[in-house]
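Working notes, structure below.
What's counted below: heavy atoms across the whole structure, side chains too, no hydrogens, waters or symmetry copies.
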Amino acid sequence: CSKSGKLTKTHIQYWAKNILCPSVSKDCLLLLDSWSGQTDPSIYDHVFDKNITCKQMQIPPKTTGDIQPLDRYFFREWKYLKQKIYDRVAIDEMNVGICSR
């Protein structure tokens, strides 16, 4: 996590080396968003040893919401629930700071 909250190529390299690589024991397929910071093949080439192959495929731009399962199912329901809560707070004129953590 960065101080600015922005995801950088360095974060992706750290994740690939410390999270992805230890959790993969055989050849795998990695679906990547179209963000350029994570689609650089050199990030993943240096992470895996010669015994494991990690093929990368890129999700086409502007289709993430249609392809990723969480965007298709879980987050849609979550956004609906969140909107219902916001609406209820507004209708009842509750003094609640919903946007604050």
Side-chain angles (χ1 to χ4, degrees):
C1 201
S2 67
K3 290 182 180 180
S4 69
K6 303 281 184 187
L7 184 63
T8 65
K9 187 175 179 178
T10 307
H11 293 121
I12 298 298
Q13 289 170 329
Y14 178 86
W15 172 79
K17 180 180 178 187
N18 297 302
I19 307 298
L20 178 63
C21 185
S23 65
V24 174
S25 59
K26 51 186 165 181
D27 294 349
C28 66
L29 171 65
L30 183 61
L31 290 177
L32 301 170
D33 200 329
S34 59
W35 177 64
S36 62
Q38 68 184 11
T39 56
D40 181 5
S42 67
I43 294 173
Y44 309 99
D45 292 341
H46 301 293
V47 171
F48 292 99
D49 61 16
K50 304 292 184 218
N51 298 331
I52 297 175
T53 302
C54 181
K55 181 177 178 179
Q56 299 102 36
M57 293 182 72
Q58 184 177 344
I59 296 171
K62 310 226 185 265
T63 60
T64 304
D66 296 327
I67 295 174
Q68 291 184 347
L70 284 176
D71 287 345
R72 293 281 300 164
Y73 302 103
F74 177 76
F75 291 133
R76 177 180 292 164
E77 300 299 321
W78 178 255
K79 289 176 185 178
Y80 177 77
L81 175 64
K82 180 187 74 163
Q83 189 59 49
K84 287 292 192 186
I85 292 170
Y86 277 111
D87 292 347
R88 188 81 251 165
V89 168
I91 290 170
D92 293 342
E93 297 179 359
M94 295 178 184
N95 187 18
V96 177
I98 293 179
C99 295
S100 65
R101 289 184 176 181

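Not a single salt bridge (Lys or Arg N to Asp or Glu O under 4.0 Å) links Asp87 to another residue, sequence neighbours left out. For Asp92, the side-chain hydrogen bond (donor to acceptor under 3.5 Å, both in side chains) partners two or more places apart in sequence, or in a different chain, are Arg88.
No continuous path of hydrophobic side-chain contacts links Tyr80 to Ile91 [ILVMFWY only; heavy atoms under 4.5 Å]. There is a path of hydrophobic side-chain contacts, each under 4.5 Å, that joins Met94 to Tyr86.
Other residues, nucleotides and ligands contribute only 12 or fewer heavy atoms inside 6.0 Å of the CE atom of Met57. Annotation for Tyr14: atom OH does not count as buried by contact number, only 12 or fewer foreign heavy atoms lying within 6.0 Å.
Going from atom CG of Asn18 over to atom CD of Gln13 covers 11.0 Å, rounded to the nearest 0.5 Å. With values rounded to the nearest 0.5 angstrom, Leu29 atom CG is found 12.0 Å from Thr53 atom OG1. The distance from the CD1 atom of Ile12 to the CD1 atom of Ile19 is 11.5 Å, given to the nearest 0.5 Å. Rounding to the nearest 0.5 Å gives a distance of 11.5 Å between CG of Leu30 and CD of Gln58.
Between His11 and Thr8 the shortest side-chain heavy-atom distance falls below 4.5 Å.
Side-chain atoms of Gln56 come within 3.5 Å of backbone atoms of Cys54 as a donor-acceptor pair (strictly under, hydrogens ignored).
Residue pairs that meet the salt bridge (Lys or Arg N to Asp or Glu O under 4.0 Å) test with at least one member in residues 14-31, sequence neighbours left out, do not exist here.
Paired with Val24 under the rule side-chain contact (heavy atoms from CB on, under 4.5 Å), one option of Pro22, Cys21, Cys28 passes, and it is Cys28.
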